[in-house]
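Only one structure is covered here, and it is reproduced in the block below.
Worth saying up front: this structure is predicted, and the values here are computed from it rather than measured.
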Amino acid sequence: MVPRRSTDRRRVAAVDRAGDPETGAASVVAVGIIGAMTALAVALLVLLGVFVASQRAANAADAAALAAADAMSGAVAGVPCRLAGAVAARNGARLDACEGDGAAASVTVVVEAVPGIAVTASARAGPPGWAGQPSAPP
């Protein structure tokens with residue numbers, strides 16, 4: 001029997017690996033897992049961005065409604081809806097609608113969450129128990 005040289009063993013091992021149909025399967029699985037994790041991370045970031053924008057919109061709507069109600073009641077000088085628009089803009093929102101009903105104000109603001117997605121929030125502010133019409137004296 002003739003002893004094999006180390007180069008013969010390497011050739012035999014290379015031929016054995018080349019004939020294996022599962023060669024590289026782990027790489028394909030790894031690329032698939034990395035792709036799925038990346039897609040999940042992007043979706044989660046978009047979802048969190050929309051959630052943060054909805055909270056920002058709610059805060060901006062509350063502040064704008066309070067500013068408009070203060071102007072309507074005379075506590076602050078100025079045009080109610082103009083003040084509401086300025087307060088909304090300072091909070092990163094755009095005033096979409098503003099209505100006054102006596103001493104109460106209702107506003108709607110819009111915040112751009114992510115490109116192509118806008119979040120809307122509404123708020124109403126005024127004196128406690130204000131139903132829209134002043135109550136008749138007893």
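Listed by first and then second residue, the disulfide (SG to SG under 2.5 Å) pairs that reach into residues 23-57 come to none, sequence neighbours excluded.
Heavy atoms only, all atoms of each residue included: M72 and A104 are closest at SD-O, 3.2 Å. Looking at every heavy atom in both residues, A113 comes nearest to G49 through CB-O, 4.3 Å. In plain terms, the two heavy atoms of A69 and A105 that are nearest each other are N-CB, 3.8 Å. Scanning all heavy atoms of the two residues, the minimum distance from V107 to C98 falls at CG1-SG, 4.0 Å. Residues E112 and R56 approach most closely at O-NH2, 4.3 Å, considering heavy atoms. The two residues D101 and R124 have their closest heavy-atom pair at OD2-NH2, 4.0 Å.
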Side-chain polar contacts of residues 77-97 - donor-acceptor pairs under 3.5 angstrom, sequence neighbours left out - could you list them?
| residue | atom | partner | partner atom | Å |
| --- | --- | --- | --- | --- |
| N91 | ND2 | V87 | O | 2.9 |

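Surrounding CD of E99 are at most 12 heavy atoms belonging to other residues, nucleotides or ligands under 6.0 Å away.
Applying the side chain to side chain contact (heavy atoms under 4.5 Å, CB included) criterion to T120, with sequence neighbours excluded, gives T108, V110. In this structure S54 satisfies the side chain to side chain contact (heavy atoms under 4.5 Å, CB included) test together with F51, V119, sequence neighbours excluded.
Using a 4.5 Å cut-off between side-chain heavy atoms of Ile, Leu, Val, Met, Phe, Trp and Tyr, M37 falls into a hydrophobic cluster with V29, I33. Grouped by direct or indirect side-chain proximity (heavy atoms under 4.5 Å, Ile/Leu/Val/Met/Phe/Trp/Tyr only), L48 sits with L44.
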